[in-house]
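A note on names: the letters A, B, ... follow the listed sequences, proteins ahead of strands, and every chain is numbered from 1. This is a predicted model, so every value here is computed, not measured. These values consider heavy atoms only, across backbone and side chains, with no hydrogens, waters or symmetry-generated copies.
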Amino acid sequence: MNLQNKFILEVENFSLEKTLNCGQTFRFFKNEEHYIYPYKDSVLKLKQKKESLLEVEVYGEDLSKDEIKEIFGLNHDVRKINEKILRIAPNLEEPLLLSSGIRIMKMQPYEATISFIFSIQSQIPVIQKRLNKLSAIVGRKITIDGIDYYLFPKFEDLLTLTYKDIKSLNLGFREKFFLNLIKNYRSSDFEMLKGKTYEEKKKFLMSILGVGEKVSECILLFGYGELSAFPVDTWIIKGLKRFFNVEGSTKKLTEFGHKKFDSVSGYAQQYIYYFMRNFLGS
DNA sequence: TAACAGGCCACCG
DNA sequence: CGGTGGCCTGTT
């Protein structure tokens, strides 16, 4: 497949590896020295040279530098965000330093919705397998260096799936959530939300079968770029107890995060998550 | 092996 | 409402 574009971005406070591996996105691949990331109708081949240079090759549909920056959160003023987090919670200094370089990515809202519905009570390798299989079944692919990479299905492609296709994903109890989503929603539902407020988005997302407190916050954060979202999963539950000595329901803890971190909740959440996950096992 | 995994829904009080 | 039991399937 043809290389559409190639350029080098100057970056700071950015780690491609950490950003891809911190659980916000599931569909990326490593090929030798490069990371491969399918996005919409494009596949990106990426390599971080030194710390400050990101080499980007775009295959399939072309993407602008600004679009690339948005995908990897390079448009976020992380220095200012970190200052605010430390002002609010000085005891997050260690997690913040250890997670240095993580950016909040931006994916398509409906893709985020499907991804995080697939993620319910599941470990990352299983989630990746489901999403990759779904993409392979629909079969939109771009070949780079002799290897096929499948694009995530367009929403309308999902209507062409047979029940046998869907069964083969082994979604278990999540299957009814997925079936409901492709039967009763369209990509326009998710596009329309872009202009709405946080509360309106949240209300709509929570009304989707299978989308609860945690998943809706993930969609808001990673799908809509709402940096005040604060997804509470099991790692965050442990982290909030450790750093702030708070416990309670997911709903209560989500409110706690919103109130405490306001517009920087998303980054604070990522730092706590990354620290708990990678430096405190169990 | 039995328990649990990056939660949600339905049901109960 | 706020709090709990059961849940598909794949791992450990």
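The side-chain contact (heavy atoms from CB on, under 4.5 Å) search around Lys106(A) returns Glu70(A), not counting sequence neighbours. Shown here are the salt bridge (charged side-chain N to carboxylate O under 4.0 Å, His left out) partners of Lys260(A), two or more places apart in sequence or in another chain: there are none. By the side-chain contact (heavy atoms from CB on, under 4.5 Å) test, Gln48(A) pairs with Val11(A), Phe14(A), Leu16(A), Leu54(A), sequence neighbours left out. Partners of Glu247(A) according to the side-chain contact (heavy atoms from CB on, under 4.5 Å) rule, which considers only residues two or more places apart in sequence or in another chain, are Lys241(A). Looking at residues two or more places apart in sequence or on another chain, you find a salt bridge (charged side-chain N to carboxylate O under 4.0 Å, His left out) between Lys154(A) and Asp41(A). Partners of Ser15(A) by side-chain contact (heavy atoms from CB on, under 4.5 Å), not counting sequence neighbours, listed by chain and number: Glu17(A), Lys18(A).
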Check nucleotides 1-3 of chain B against the protein and report each pair of N or O atoms closer than 3.5 Å, with its distance, or say if there are none.
none

Which protein N or O atoms sit under 3.5 Å from an N or O of nucleotides 9-12 of chain C?
residue: dG10(C); atom: OP1; partner: Asn170(A); partner atom: ND2; Å: 2.7

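Proximity of residues 239-259 of chain A to DNA chain B (heavy atom under 4.0 angstrom from any strand atom) is not detected for any residue.
Pairs engaging residues 180-191 of chain A under the side-chain hydrogen bond (donor to acceptor under 3.5 Å, both in side chains) rule: Asn180(A)-Asn184(A), Glu191(A)-Lys194(A) [sequence neighbours left out]. The side-chain hydrogen bond (donor to acceptor under 3.5 Å, both in side chains) pairs that include a residue from residues 223-232 of chain A are Lys201(A)-Glu226(A), where partners are two or more places apart or lie in different chains.
The residue among Tyr273(A) and Met206(A) whose nearest nucleotide of DNA chain B is located toward the 5' end is Tyr273(A).
For DNA chain C, if you chain together Watson-Crick or G-U pairs that step i with j, i+1 with j-1 and so on, the runs of at least three with distances under 3.5 Å are B:2-5 with C:9-12, B:7-13 with C:1-7.
Checking dC8(B), dG6(B), dC8(C) against every side-chain atom of Thr234(A), the shortest atom distance belongs to dG6(B).
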